[in-house]
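Everything below concerns the one structure shown next.
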Protein chains: 2
Amino acid sequence: MRDRIHAQILAGRYEPGDKLPRDADIAEDLNCARATVQRAMQDLSDSGLIERRRKGGTHVRRDPVARATLDIPLTRREIEEAGGTYGYRLISRTQRAAPRAIRQRMGLSEAARLLRVEALHLSDGRPFLLEDRWVNPEVAPEILEVDLDVISANEWLVLNKPYTRFGLEITAEAADARTAGHLGIGDGTAILVVERTTWIDDSPITSVRAMMAPGYRLLAET
Amino acid sequence: MRDRIHAQILAGRYEPGDKLPRDADIAEDLNCARATVQRAMQDLSDSGLIERRRKGGTHVRRDPVARATLDIPLTRREIEEAGGTYGYRLISRTQRAAPRAIRQRMGLSEAARLLRVEALHLSDGRPFLLEDRWVNPEVAPEILEVDLDVISANEWLVLNKPYTRFGLEITAEAADARTAGHLGIGDGTAILVVERTTWIDDSPITSVRAMMAPGYRLLAET
DNA sequence: TAGTGGTCTAGACCACCGG
DNA sequence: CGGTGGTCTAGACCACTAT
């Protein structure tokens with residue numbers, strides 16, 4: 001039934017900006033329950049095709065947006081599922097005042113002292129991902145006691161501090177000398193950088209810069 | 001109610017891999033309808049926290065995946081919404097046999113002849129995105145008659161050939177001489193490349209390589 | 001094949017927000 | 001304020017798949 005509703009709407013050839021009938025009317029037309037229409041329309045809304053507002057009604061989006069979902073697995077699982085042997089090496093672990101850029105991204109005050117962790121994840125012994133992470137010990141004080149030589153901050157946080165939301169920023173950059181050294185690549189090589197900041201409700205937990213070794217492909221789908 | 005169910009599950013401190021009670025039992029425990037539980041669990045499943053299988057039951061995922069949604073607007077809208085003036089220039093338009101890589105990605109036979117379009121999108125007169133596109137005229141024959149000097153293939157396709165699904169592949173690459181020339185950057189500069197292949201049901205419509213000018217940031221959120 | 005999640009119905013009430 | 005979408009209930013049947 002939901003498929004039929006989807007088909008009807010798409011076949012109805014509504015133009016961008018057009019207003020659709022109210023759910024109740026569509027339900028009557030198609031001889032089905034309103035809840036079913038509601039669910040079907042919710043789907044179309046989720047996929048970026050229409051916009052719904054109480055009282056305002058349902059409209060076809062003027063600029064239909066292509067909406068994809070991006071899965072970011074735990075680094076260890078990602079490597080293992082690609083058939084590689086996972087390796088991990090802690091590079092540094094310090095506590096210090098956060099630089100401006102990080103404070104801004106996490107929405108912290110100037111006084112904030114954070115835990116900074118640099119680590120390298122390897123696949124079959126070859127550098128796979130270099131991570132530069134800042135952790136807010138106000139939210140996750142236990143991490144100060146964790147032996148990060150044994151378990152990566154990535155893993156510990158995922159298992160112990162479930163986030164409620166996060167933001168991603170994906171860029172391409174030229175590797176600087178230090179980064180290139182750790183990744184074992186030429187200075188200036190193009191690498192994919194994924195920056196992720198995660199939150200528990202409104203408290204920032206961690207902000208991490210993941211520098212991927214050359215050849216990495218980030219996949220997404222509808 | 002749904003929020004309460006979410007909270008209960010999260011507070012229940014289930015470990016990765018644990019099996020949750022059946023929907024019906026949860027509903028009884030919380031004294032609500034099973035449909036409500038079903039909806040709440042669906043949400044958790046969508047966000048990558050649990051896995052559900054008929055008969056198999058509901059389990060907490062062993063490797064909770066961070067799932068983000070990525071919006072890819074029409075290039076023109078993206079530039080305009082950032083406050084820029086949109087410009088567009090067609091570079092080339094040819095019909096030819098598709099190279100192997102493209103055929104493979106679109107799942108086409110060797111014989112397939114495609115329309116190839118190269119175009120530059122500009123923001124305030126500066127190169128913003130260089131697109132290298134292949135279109136399948138079997139699915140969208142009308143595009144052969146479209147004046148691509150006036151409307152970009154990007155825009156025409158979005159308005160006239162609504163896809164049913166697509167796949168994305170995001171990489172960082174060093175710009176080759178030709179690309180660098182069009183984007184007005186130095187040879188070898190790191191650029192973000194987004195490859196997208198779209199389909200109507202099981203027929204491939206188009207496969208496009210979008211090469212973003214340096215400094216471009218792709219954003220995603222939970 | 002039996003047990004689980006997935007979908008649907010008919011009805012009710014609520015929450016938001018435009019006129 | 002009234003009209004719209006959002007959520008919930010109680011019940012039914014269906015679809016998939018683990019055992």
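The basis for the numbers below is simple: all heavy atoms, side chains too, and nothing from hydrogens, waters or symmetry mates.
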Reckon [X] has a side-chain N or O less than 4.0 Å from the OP1 or OP2 of [N]?
X	N	answer
B/R2	D/dT7	yes
A/Q38	D/dG5	no
A/T58	D/dG5	yes

Taken in chain and number order and not counting sequence neighbours, the residues that satisfy salt bridge (charged side-chain N to carboxylate O under 4.0 Å, His left out) with B/R165 are B/D202

Which of C/dC8, D/dG6, C/dG5 is nearest the side chain of A/T36? It is C/dC8

Working note: B/L183 + B/L120, criterion side-chain contact (heavy atoms from CB on, under 4.5 Å); need CA distance, chi angles, decisive distance, verdict.
CA-CA 8 Å; B/L183 287 177; B/L120 189 63; 4.1 Å; yes

[X] [atom1] to [N] [atom2]: how many Å, rounded?
X	N	atom1	atom2	answer
B/D3	D/dC8	CG	P	8 Å
A/M41	D/dG6	CE	C1'	14 Å
B/Q42	C/dT7	CD	P	6 Å
A/R52	D/dT4	CZ	P	12 Å
B/E51	C/dT4	CD	P	18 Å
B/D43	D/dC8	CG	P	10 Å
B/I50	C/dT4	CD1	C1'	13 Å
A/H59	C/dG18	NE2	P	10 Å

Sorted by chain and number, sequence neighbours left out, side chain to side chain donor-acceptor pair (under 3.5 Å) with B/T198 holds for none

Side chain to side chain donor-acceptor pair (under 3.5 Å) filter on A/R196, not counting sequence neighbours, yields none

Under 3.5 Å donor-acceptor pairs involving side-chain atoms of residues 209-218 of chain A, not counting sequence neighbours:
from, atom 1, to, atom 2, distance (Å)
A/R209, NH1, A/E173, OE2, 3.3
A/R209, NH1, A/E195, OE2, 3.0
A/R209, NH2, A/E173, OE1, 3.1
A/Y216, OH, A/E78, OE2, 2.6
A/R217, NE, B/E169, OE2, 2.3
A/R217, NH2, B/E169, OE2, 2.5

Residues 3-34 of chain A vs ring pair (Phe, Tyr, Trp, His ring centres under 6.0 Å), sequence neighbours excluded, gives none

Residue pairs passing the ring pair (Phe, Tyr, Trp, His ring centres under 6.0 Å) test with at least one member in residues 98-126 of chain B, sequence neighbours excluded, are B/Y86-B/H121, B/Y88-B/H121

If we only count heavy atoms from C-beta on, is the A/P137 to A/L114 side-chain gap below 4.5 Å? yes

In short, salt bridge (charged side-chain N to carboxylate O under 4.0 Å, His left out) pairs touching residues 135-151 of chain B with sequence neighbours left out are B/E142-B/K161

Applying side chain to side chain contact (heavy atoms under 4.5 Å, CB included) to A/R53 and not counting sequence neighbours gives A/E51, A/H59

Quiz question: by atom type and distance under 3.5 Å, do the side chains of A/T206 and A/R133 form a donor-acceptor pair? yes

Short N/O separations, protein against nucleotides 10-13 of chain C, under 3.5 angstrom:
from, atom 1, to, atom 2, distance (Å)
C/dA12, N6, A/R34, NH2, 3.3

If each end axis of the helix from C/dT1-D/dA18 to C/dG18-D/dC1 is fitted on five C1' pair positions, the angle between them, to 10 degrees, is 20°

B/S/- along nucleotides 14-19 of chain D (protein heavy atoms under 4.0 Å) is -BBBB-

Residues 17-25 of chain B side chain polar contacts: donor-acceptor under 3.5 Å, at least two apart:
from, atom 1, to, atom 2, distance (Å)
B/D18, OD2, B/E15, N, 2.9
B/D23, OD1, B/R52, NH2, 2.4
B/D23, OD2, B/R52, NH2, 2.7

